[in-house]
2 protein chains.
Amino acid sequence: MKCPLKFKQMEKEFYKKYWHTTSHIMAQAVKRLFPEVKLGIGPSIENGFYYDFYREKPFTPKDIEEIEKEMKKIIKENYKIERIEMNKQQAKEFLKDEPFKSELLEEIQENIFSFYKQGEFIDLCRGPHLESTGEVKFFKLLSIASSYWKGDENRESMQRIYGISFKTEEELKNYLNFLKEAKERDHRVLGQKLSLFSIHPEYGSGLIFWHPKGAIIRKTIEDFWKEIHLKNGYQLLYTPHIADSTLWEKSGHYSFYKDYMFPVMYMDENKKFQLKPMNCPFHIIIYQTKTRSYKELPLRWAELGTVYRYEKQGVLHGLLRVRGFTQDDAHIFCTDKQLENEIKEILDLAFFFLKSFGFSDFSVFLSTRPEKFVGTIENWELATKTLEKSLKEKGINYEIDPGEGVFYGPKIDIKINDCLGRQWQCSTIQVDFNIPEKFEIKFIDEDGKEKTPILIHRAILGSLERFFGVLIEHYKGNFPLWLAPEQLRILPITEKHNQFSETIEEKLSENFRVSVDLRNEKITKKIKDAEDEKIPYMLIVGDKEIQTGNFALRKHQKGMLGNFTLKEIEENFKNEIEKKLF
Amino acid sequence: MKCPLKFKQMEKEFYKKYWHTTSHIMAQAVKRLFPEVKLGIGPSIENGFYYDFYREKPFTPKDIEEIEKEMKKIIKENYKIERIEMNKQQAKEFLKDEPFKSELLEEIQENIFSFYKQGEFIDLCRGPHLESTGEVKFFKLLSIASSYWKGDENRESMQRIYGISFKTEEELKNYLNFLKEAKERDHRVLGQKLSLFSIHPEYGSGLIFWHPKGAIIRKTIEDFWKEIHLKNGYQLLYTPHIADSTLWEKSGHYSFYKDYMFPVMYMDENKKFQLKPMNCPFHIIIYQTKTRSYKELPLRWAELGTVYRYEKQGVLHGLLRVRGFTQDDAHIFCTDKQLENEIKEILDLAFFFLKSFGFSDFSVFLSTRPEKFVGTIENWELATKTLEKSLKEKGINYEIDPGEGVFYGPKIDIKINDCLGRQWQCSTIQVDFNIPEKFEIKFIDEDGKEKTPILIHRAILGSLERFFGVLIEHYKGNFPLWLAPEQLRILPITEKHNQFSETIEEKLSENFRVSVDLRNEKITKKIKDAEDEKIPYMLIVGDKEIQTGNFALRKHQKGMLGNFTLKEIEENFKNEIEKKLF
């Protein structure tokens, strides 16, 4: 199922109006039913609309139903939507009972103010809108959340009602199904249900505790990641999580990322320390421990480096937006002649990894020189052309994001589109002209002269935490065999089959993650629980199985596959794991 | 070679006097040669003696030679050593030209002061000493270091001269050889020479940067550690490096370890964060995410958890004493009935690991209830008896350290004795009665009642950083094949053998860490460099080798082993790696 909100540009413009008008219809209904309510703002957003209301009593589900009913009426009444203009005095007078709107009015630096009128409802608004309320066909109010006026926690707390609308009933139905599906895939819910990880805001928001089942998945990802990197000519590094603040000043991170860095630890000896928001300077320091020769290049240094960034409380979201995360980071030091080959190899590696994890739909972006930049235009052009040439020669479709490169260099971003069509930024390949200069890193070239290497930053999965969140949602917790924390559960039919089951467990555990359900429960209950826990395979052990050596194998969500010997099962499993099938 | 300072208790008492007297002889010589010098203190220490002198000009190596010559004279002159007593006024008068000694005098709360006299030299001193200077037979001054008077950096800077002495020339020779050997094994020197790791005090003292060659060893250790733990019923966890300070207050770490914790990071929202000095509370939090049943116990949770402790600048020492290190930590939650079996399994696991890394000589200590403790005496006795019973039944020799348990429970410590006989604390197994109480952790027992599990903390390698330091020194950088960063280097005899060598490299790289030396250098130079870099094996490739498919294999420090096919080499390597031979 794909997200039904993948509109083309023209439709996007249309829905902006469509949703904005639905938002006004909602506000009109609210004012009719609850005249005491004061209006905040009510824009269209990426996926629908909302309106912020100030009201002391919280809206109840019953209220929402009433609002929806009233909205239907307003649509049926099919008011023409008209733009009205007022001067400041008229506008002030008109909004005298709407304190929030009045506040907005004061901030607008214009003489003429536009309002939109539909029936008795008139709202300060820039528009644009549909022609009439009757044009809105099918809508649904989705949720209520609390928000602060102007996002300022010292201001009034508003009630924000979210909604969506479409031209056809089918579109609405599809979207609601999509939301239901997305909710069922919510990694926060599945993370708790399957005991994969937890977050404990009382001991620190945005910090992830990996439980045994999540940790074994992470280990499997890390092992695979390291193995493939070593095979591809990378070397591993481990570096500290903290450094003297002077390092961050030298690297320039302090001035650019200060607000995202955790606060300073003031040590004695007049020293200041800070948690690392990035791994780069540490790799540079290792580079500088000796004189480097062109013979050593390219140097490909990779680290699963845990960094800490102080994201605002409000934007934290499960595993997807956190304060501590592990980047699958690498830095490549190479000559300008080597750049193209390095970029191509990184592209190959990135797609290899993303495909190994079951993703097949990608969007690739090439970001070019922004207005503010460091380095010479020649270098930027060389690097940008090399990135573009690499993409072309690899036959990769891409879009150009003009001026969206980082200040230090152009970059390629790869986003994965998950099974719901949602886009997740994962891989990034960035050329950096800043750090080699700041740290004056050099190598001795063939001609004996000191030169500056090109530095490439790259991450493929992005952050292990975020990638794990995406994986949980993409697979709905039904991980492919190679990642599943528990790969097979052995289910003895009665207690007298327990002992035999345990011998099988011991044997299969040599190569797989296996458990046995020894509880005194009916086999149907054991199967149900294994299904609920999303165990990929179940092996039923009863009299017949023990006699024949053929075991009934069940697959999660598929049911019985037939009877197999242990050897057959082991071979099939090995094949499925090695090929990373799903 | 073993450290020759492994004395029995009686000899220890003797050498205390012997070295103390040698220290006085050194001071006497210094005063004869440099009368302007002011005396500090001159005790015997664990491995010899020192004397602190105040002198504006630094002592030169030539001065040290002169001092040694003068000491020999004093020994030959064989002065009787006599104890003299003075009252305060006499002592003050006598020491009027020795400001440091005078200061000490003021601090002694006695009426009668003891001095020791040998010839013209009389020193304020508690003794005891030998009978005469002639009893000191063979000595050597070893080094000069600077120290602050009374260890206070605001006081005078002193010159501390270290030395050693023995009754026989052979003992002295042995000890000097031991020192030479220890110096050659110094992990800080080898770490730099072999590019294993580096430390950069300008960006933070005590923080380790693992270079590619060190990192691949660490990865090998970690992989082995994880594999064996998973096979032994452990589950892995990953937890954050920071937590809200309230967590450390709740766990009691703040009050006990405050001085060792890195300073607070003051966040907005009135939050305080701190780097973790220990992993325990994080594991407890995961334990508490659900109601636990007796059926789940024992739970064995392991983490390679990087912790940060603010050790004083002065005690930092390479990898052996650092500020950031990775514990191979585990917490076991079990019932009292399970305790004995758990302890025995940990002991087995600990010795298995330590032996796998090539250690065979251990000292085991059982530490019992200290004066200050938490928990009931019954629980302490049960736990201590269980630890002792486990040691006995496993046939492990141990010593009891009475009263040396941690305040929260008794413990077993395993120290390894390295090839120089130096002792290194590695494994620790600690029963904890504190944390289960503080966090009120529970499980539902078979009878349906809520009970408190027993918590065992344990680490086997201790810290990866420290263990790596010990490994470097133990092996003198000549790591066994399974740990060696580069296992085999292929050495083409001339450039025309390069291509063939590269095809071999590719083939062998599938299973081993292999490189090829393509430099235009003589084969003797290539061998010498590989020997210097301590590569375990070298494969020589020339015409004959290519024709016959039999390759000359050299072993580091051993020379030529003979000619082998690639298949033979691969099989031998696999065997050597699997068995962790050295």
Quick check on Glu222(B) against chain A: is it the side chain, the backbone, both or neither that has a heavy atom closer than 4.5 Å?
side chain
Most heavy-atom pairs under 4.5 Å with chain B, out of Arg513(A), His200(A), Lys295(A), belong to His200(A)
Does Glu506(B), at its CD atom, have more than 12 non-hydrogen atoms belonging to other residues, nucleotides or ligands within less than 6.0 Å?
no
Any luck finding a side-chain donor-acceptor pair between Gln327(A) and Ser463(A) under 3.5 Å?
no
Ile216(A) portion near chain B, given a 4.5 angstrom heavy-atom threshold:
side chain
Charged N-O contact under 4.0 Å between Arg489(B) and Glu533(B)
yes
Given the rule in the side-chain contact (heavy atoms from CB on, under 4.5 Å) test, do Leu319(A) and Phe197(A) qualify, once you have shown the distances and angles that lead to the verdict?
CA-CA 9 Å; Leu319(A) 292 166; Phe197(A) 72 93; 3.5 Å; yes
Decide yes or no for Val322(A) and Leu207(A): does some side-chain heavy atom of the first lie under 4.5 Å from some side-chain heavy atom of the second?
no
Pairs of heavy atoms under 4.5 Å with chain B: top-ranked of Thr239(A), Thr246(A), Thr289(A), Val264(A)
Thr289(A)
Heavy-atom pairs under 4.5 Å with chain A: which of Lys219(B), Arg519(B), Arg218(B) has the most?
Arg218(B)
Looking only at heavy atoms and a cut-off of under 4.5 Å, which of Gly214(B), Ser198(B), Ala215(B) has the most pairs with chain A?
Ala215(B)
Report yes if the distance between the aromatic ring centroids of Tyr260(B) and Tyr310(B) is under 6.0 Å, otherwise no.
no
Is His241(A) close to chain B through its backbone or its side chain, or both, or neither, when contacts mean heavy atoms under 4.5 Å?
both
With only heavy atoms counted, which part of Leu230(A) is less than 4.5 Å from chain B, the side chain, the backbone, both or neither?
side chain
Here the pair of heavy atoms bringing His331(B) nearest to Asp329(B) is CE1-OD2, 3.7 Å
Checking Lys526(A) side chain against Asp517(A) main chain: does a donor-acceptor pair fall under 3.5 Å?
yes
Taking Asp223(A), Leu237(A), Leu518(A) one by one, which has the highest count of heavy-atom pairs under 4.5 Å against chain B?
Leu237(A)
Other residues, nucleotides and ligands only: do more than 12 of their heavy atoms fall within 6.0 Å of CD on Glu227(A)?
yes
Any donor and acceptor pair, going by atom type alone, linking the side chain of Glu465(B) with main-chain N or O of Ile208(B) inside 3.5 Å?
no
Treating Glu502(A) as the side-chain partner and Val516(A) as the backbone partner, does any N or O pair qualify as donor plus acceptor under 3.5 Å?
no
With ring centroids as reference points, do Phe224(A) and Trp482(A) lie under 6.0 angstrom apart?
yes
Applying a strict 4.5 Å limit to non-hydrogen atoms, the region of Lys250(A) in contact with chain B is side chain
With sequence neighbours excluded, tell me which residues meet side-chain contact (heavy atoms from CB on, under 4.5 Å) with Tyr148(A).
Glu153(A)
Backbone N/O of Pro240(B) and side chain of Lys276(B): donor-acceptor pair under 3.5 Å
yes
Take Arg309(B) and Arg323(B) through the side-chain contact (heavy atoms from CB on, under 4.5 Å) test and state the conclusion after the steps.
CA-CA 5 Å; Arg309(B) 296 187 192 166; Arg323(B) 284 185 175 162; over 6 Å; no
Who passes side-chain contact (heavy atoms from CB on, under 4.5 Å) against Asn520(A), sequence neighbours left out?
Glu495(A)
So, the part of Phe273(A) with a heavy atom under 4.5 Å from chain B: the answer is side chain
How would you list, in number order, the residues of residues 298-308 of chain A that have a heavy atom less than 4.5 Å from chain B?
Trp301(A), Thr306(A), Tyr308(A)
Examine whether an atom of Gln192(B) lies under 4.5 Å from a heavy atom of chain A, and if so say whether it belongs to the side chain, the backbone or both; otherwise answer neither.
neither
Taking every non-hydrogen pair under 4.5 Å, which of Tyr266(A), Tyr238(A), Trp210(A) racks up the most with chain B?
Tyr238(A)
Contacts with chain A made by residues 277-288 of chain B (heavy-atom distance under 4.5 Å), listed by residue number:
Phe282(B), Ile285(B), Ile286(B)
